[in-house]
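Side chains included, hydrogens not; waters and symmetry mates left out as well; all remaining heavy atoms used.
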Amino acid sequence: MKNTDRIIRLKTVLARTGLSRSTLYRKIADGTFPAQIRISIHGAGWRESSVERWIADPVGYRHERSESHVQ
């Protein structure tokens, strides 16, 4: 897995994970998917490295407290 910190948007996350939008947000609420980070007043995205970590181990993924998220 490459170590990247590029920000990717919702459409890309859904395409890479195969999750539906509602499932993605449910997993974020449960702490089983990385939370998005704010990139502007009305925009948010995900760290590519966090999404890649989830893809590598979706069952074992747990949100780390050090990751930033939208509040």
Side-chain angles (χ1 to χ4, degrees):
M1 173 170 49
K2 61 184 178 180
N3 186 10
T4 61
D5 276 334
R6 199 173 87 168
I7 304 300
I8 56 177
R9 300 298 298 261
L10 178 62
K11 186 176 180 179
T12 304
V13 172
L14 296 178
R16 287 193 186 176
T17 63
L19 298 173
S20 70
R21 182 182 175 120
S22 59
T23 299
L24 176 75
Y25 285 112
R26 185 174 58 248
K27 287 183 164 296
I28 291 170
D30 292 344
T32 59
F33 194 86
Q36 64 270 50
I37 59 171
R38 187 167 304 282
I39 57 177
S40 69
I41 293 174
H42 298 290
W46 285 261
R47 292 185 195 281
E48 187 174 30
S49 59
S50 295
V51 174
E52 291 296 326
R53 192 165 48 90
W54 182 88
I55 291 170
D57 187 14
V59 175
Y61 179 88
R62 279 288 174 212
H63 178 71
E64 295 177 4
R65 293 189 183 270
S66 63
E67 290 184 11
S68 301
H69 57 70
V70 174
Q71 295 181 351

Counting C-beta onward and ignoring hydrogens, is there a side-chain heavy-atom pair between Trp54 and Val13 closer than 4.5 Å? no
Smallest heavy-atom separation, Pro34 atom then Ser50 atom, equals CG-O, 3.5 Å
Angle between ring planes, Phe33 versus Trp46, binned at 30° and 60°: parallel, tilted or perpendicular? perpendicular
Are Leu24 and Leu10 side-chain neighbours, meaning at least one heavy-atom pair lies under 4.5 Å? yes
Side-chain (Arg9) to main-chain (Ala44) donor-acceptor, under 3.5 angstrom: yes
Distance check, rounded to the nearest 0.5 Å: Arg26 atom CZ versus Leu19 atom CG? 9.5 Å
Hey, could you give me the CG/OG1 distance between Asp30 and Thr23, rounded to the nearest 0.5 Å? 10.5 Å
Less than 4.0 Å between a side-chain N and a carboxylate O, is that true for Arg16 and Glu48? yes
Report yes if some heavy atom in the side chain of Gln36 is under 4.5 Å from a heavy atom in the side chain of Tyr25; otherwise report no. yes
